[in-house]
2 protein chains.
Amino acid sequence: MNRTAEARMPVQVSVDVVLLTLVEQELHTVLLRRAAAPFAGVWALPGGYIHAEEDADAKASAARVLKTKVGIEGAYLEQLATFSGPARDPRGWSVAIAYCALLPMQNLPPQSVDISVLPVSALPQLPFDHRAILEAALERVRSKSLYSSLPVHLCGETFTLPQLQQVYENILGEPLNKVSFRRKMDEMDWLEAVPGARQSGAAHRPAQLYRVKPAFRQELALSPRGL
Amino acid sequence: MNRTAEARMPVQVSVDVVLLTLVEQELHTVLLRRAAAPFAGVWALPGGYIHAEEDADAKASAARVLKTKVGIEGAYLEQLATFSGPARDPRGWSVAIAYCALLPMQNLPPQSVDISVLPVSALPQLPFDHRAILEAALERVRSKSLYSSLPVHLCGETFTLPQLQQVYENILGEPLNKVSFRRKMDEMDWLEAVPGARQSGAAHRPAQLYRVKPAFRQELALSPRGL
DNA sequence: GCAATAGTGTCTGTGAGACAGTATAAG
DNA sequence: CTTATACTGTCTCACAGACACTATTGC
């Protein structure tokens, strides 16, 4: 057997990142204008080749892409799936390890001629198989929002329960029962009230501010029976 | 910007397959004895490089590995996750696209000096990060068995409801309520009775044989509230 | 008949959703 | 005071699990 022949035809490996945020009650994604061919000048998902010399793994590559090409750090990052085949990139057989990233809107960089934040319901045509990658990200985020704390990564440091419920509702696209939602948050036990902190300024009873308990900052909390 | 420099350091891309089956009420996995270095002679997950000339995508590579190295076709195949980094393979920075495969025991090839079927609870030390890949596969299969028809791919063409329930119980490691299980199977509506076919030979009332409805042969059925 | 397992009717407890009430801010 | 939203007490209905009963085979 002839292993060198097997490995001879080169396969390009890149990472692509679906960076999602919530702007005015709707999921938005960040697109970059491609600098180089193919598809130069076209809006596309942030992505890039793996740098074997510096990246500890593909997730680190994705974090580096977000830092150097979008200018953000600290986003929640989760591997989505790997897309592959001879046709997805005109340069030949390629592999893209896709990641999903969540970030609160206020941590996003300002838009520019090369950085755009668009609602996922009204995106331009995307190059490669980026449309399929984006759909996979949306499905993943929506399905995990049914039974986990994932959506909290779209909120800031502190938030009120009504705000958090709105985030869930915006992702899921349907209203949730207030009493059930609060019961679930209570029994999942991953939030703590910020002592003495209340939302102020509104012409009604102020809401208690909450934050994620330290043990759950890097990890999702799961609810066994959903919601 | 210097894209050719970015892509210069080569990254090896392979697929690894966790092939699971049920033998005597316990999940087993298929290991192959490695022919070549590194880890020559060691039991490892079936795997191999992507053949860009012939594979339509990474899933096709995984199917080809199963066919050529294990001798099976038609297994249920699902992408698991992609493992990467400089340390997982001594030959250097590498990417492994991991797949999970399910097959009924009777479709497995006979064991040989190079093919082994072992219970997942008593495996030898595995090379590379194959232990982590296997754990990911087990977690995926167990978690999907809580709300989908996934376990049916461990059954043969036809099966009785008591047999199917046993498969679920063996995967999950806990007994299930008989009435609830049958209610769920009924409302998920992905099984059909084989007319007139009943299990025979046992010294008790024979059970009705079922098969998967054609629409669900290639696709999982999901239950919104689990079980 | 008995033993053994298949399959079903029905009760009960848990838990999610609905509703309506109280609480607390601004003006 | 009114208005608006935060928060909570409680009822109800749906559904999962438990139990018990009937059904059908081999011996």
Side-chain angles (χ1 to χ4, degrees), chain A residues 25 145-149 151-152 155-156 158-170 172-189 191-211 221-227, chain B residues 25 143 145-149 151-152 155-156 158-170 172-211 221-227:
Chain A
Q25 327 260 328
S145 297
L146 287 169
Y147 62 89
S148 81
S149 60
V152 82
C155 295
T158 64
F159 44 85
T160 68
L161 286 182
Q163 283 169 352
L164 183 62
Q165 183 174 349
Q166 262 242 315
V167 171
Y168 274 83
E169 290 174 339
N170 292 333
L172 296 173
E174 62 183 10
L176 296 177
N177 182 281
K178 183 172 58 164
V179 179
S180 297
F181 181 78
R182 299 171 87 100
R183 256 195 307 239
K184 279 294 175 192
M185 293 303 126
D186 186 48
E187 60 192 54
M188 283 168 76
D189 199 31
L191 294 177
E192 59 186 5
V194 183
R198 290 164 179 281
Q199 194 185 38
S200 63
H204 54 78
R205 175 172 173 180
Q208 173 67 51
L209 285 172
Y210 289 84
R211 63 178 165 231
L222 304 176
S223 172
R225 272 177 300 279
L227 263 188
Chain B
Q25 328 259 331
S143 102
S145 297
L146 288 169
Y147 62 91
S148 81
S149 60
V152 82
C155 294
T158 65
F159 45 85
T160 68
L161 286 183
Q163 282 169 352
L164 183 61
Q165 181 173 349
Q166 262 242 314
V167 171
Y168 274 83
E169 291 173 338
N170 292 332
L172 297 172
E174 62 184 9
L176 296 176
N177 181 282
K178 182 173 59 164
V179 178
S180 298
F181 182 79
R182 298 170 88 98
R183 258 194 306 238
K184 279 294 172 190
M185 293 302 126
D186 186 48
E187 61 192 53
M188 284 169 74
D189 199 33
W190 55 284
L191 294 177
E192 60 186 6
V194 183
R198 292 165 178 281
Q199 194 185 39
S200 63
H204 52 80
R205 175 174 173 176
Q208 173 67 53
L209 285 171
Y210 289 83
R211 63 178 165 231
L222 304 177
S223 172
R225 273 177 299 282
L227 262 187

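Note: hydrogens, waters and symmetry copies are ignored here, and every other heavy atom, side chains too, is used. Per chain, numbering begins at 1; letters A, B, ... match sequence-line order. Note that the structure is a prediction, hence the values are computed from the model and not measured.
Summarising the geometry, the separation between CD on B:Gln199 and C1' on D:dT25 is reported as 11 Å, rounded to the nearest angstrom. Distance, A:Phe181 CZ to D:dC7 P: 12 Å, rounded to whole Å. In this structure, CE of A:Met185 is placed 14 Å from C1' of C:dA16, rounded to the nearest angstrom. Note: CZ (A:Arg182) to P (D:dT10) measures 17 Å, nearest angstrom. If you take CD of A:Gln165 and P of D:dA6, they are 9 Å apart, rounded to a whole angstrom. Between the CG atom of B:Leu191 and the P atom of C:dG7 there is a distance of 12 Å, rounded to whole Å. A straight line from NE2 of B:His204 to C1' of D:dA23 spans 13 Å, rounded to a whole angstrom. Rounded to an integer number of Å, the gap from B:Leu146 CG to D:dA16 P is 14 Å.
Phosphate proximity of C:dA18 to A:Asn177: present, with a side-chain N or O under 4.0 Å from OP1 or OP2. Note on B:Arg205: every side-chain N or O is 4.0 Å or more away from OP1 and OP2 of C:dG7.
Comparing D:dC7, C:dA6, C:dG17 against the side chain of A:Leu161 picks out D:dC7 as the nearest. Taking only side-chain atoms of B:Lys178, from C-beta outward, the nucleotide of C:dT8, C:dA16, C:dT5 with the closest atom is C:dT8. The side chain of B:Arg183 lies closest to C:dT10, out of C:dG7, C:dT10, D:dC7. The side chain of A:Val179 lies closest to C:dC19, out of D:dG17, C:dC19, D:dC7. Distances were taken from every side-chain heavy atom of B:Ala203 (C-beta onward) to each of D:dG26, D:dC7, C:dA6; the shortest belongs to D:dG26. The side chain of B:Ala207 approaches C:dG7 more closely than any other nucleotide in the set C:dG7, D:dA4, D:dT25. With C:dG15, D:dA16, C:dA23 as the candidates, the nucleotide lying closest to the side chain of A:Arg225 is C:dG15.
When all heavy atoms of B:Pro195 and B:Arg211 are compared, the closest pair comes out as CD-NH2, 4.1 Å.
Rounding to the nearest 0.5 Å gives a distance of 10.5 Å between CD of B:Gln166 and SG of B:Cys155. How far CD of B:Gln165 is from CD of B:Glu169: 4.5 Å, rounded to the nearest 0.5 Å.
Nearest-nucleotide positions on DNA chain D place A:Tyr210 closer to the 5' end than the other of A:Tyr210 and B:Gly226.
Contact check for A:Tyr210 versus A:Val152: no side-chain heavy atoms found under the 4.5 Å cut-off.
Proximity of a side-chain donor or acceptor of A:Gln199 to a complementary backbone N or O of A:Leu209 within less than 3.5 Å is not detected.
Using a 4.0 Å heavy-atom criterion, one finds that B:Gln208 contacts the sugar-phosphate atoms exclusively.
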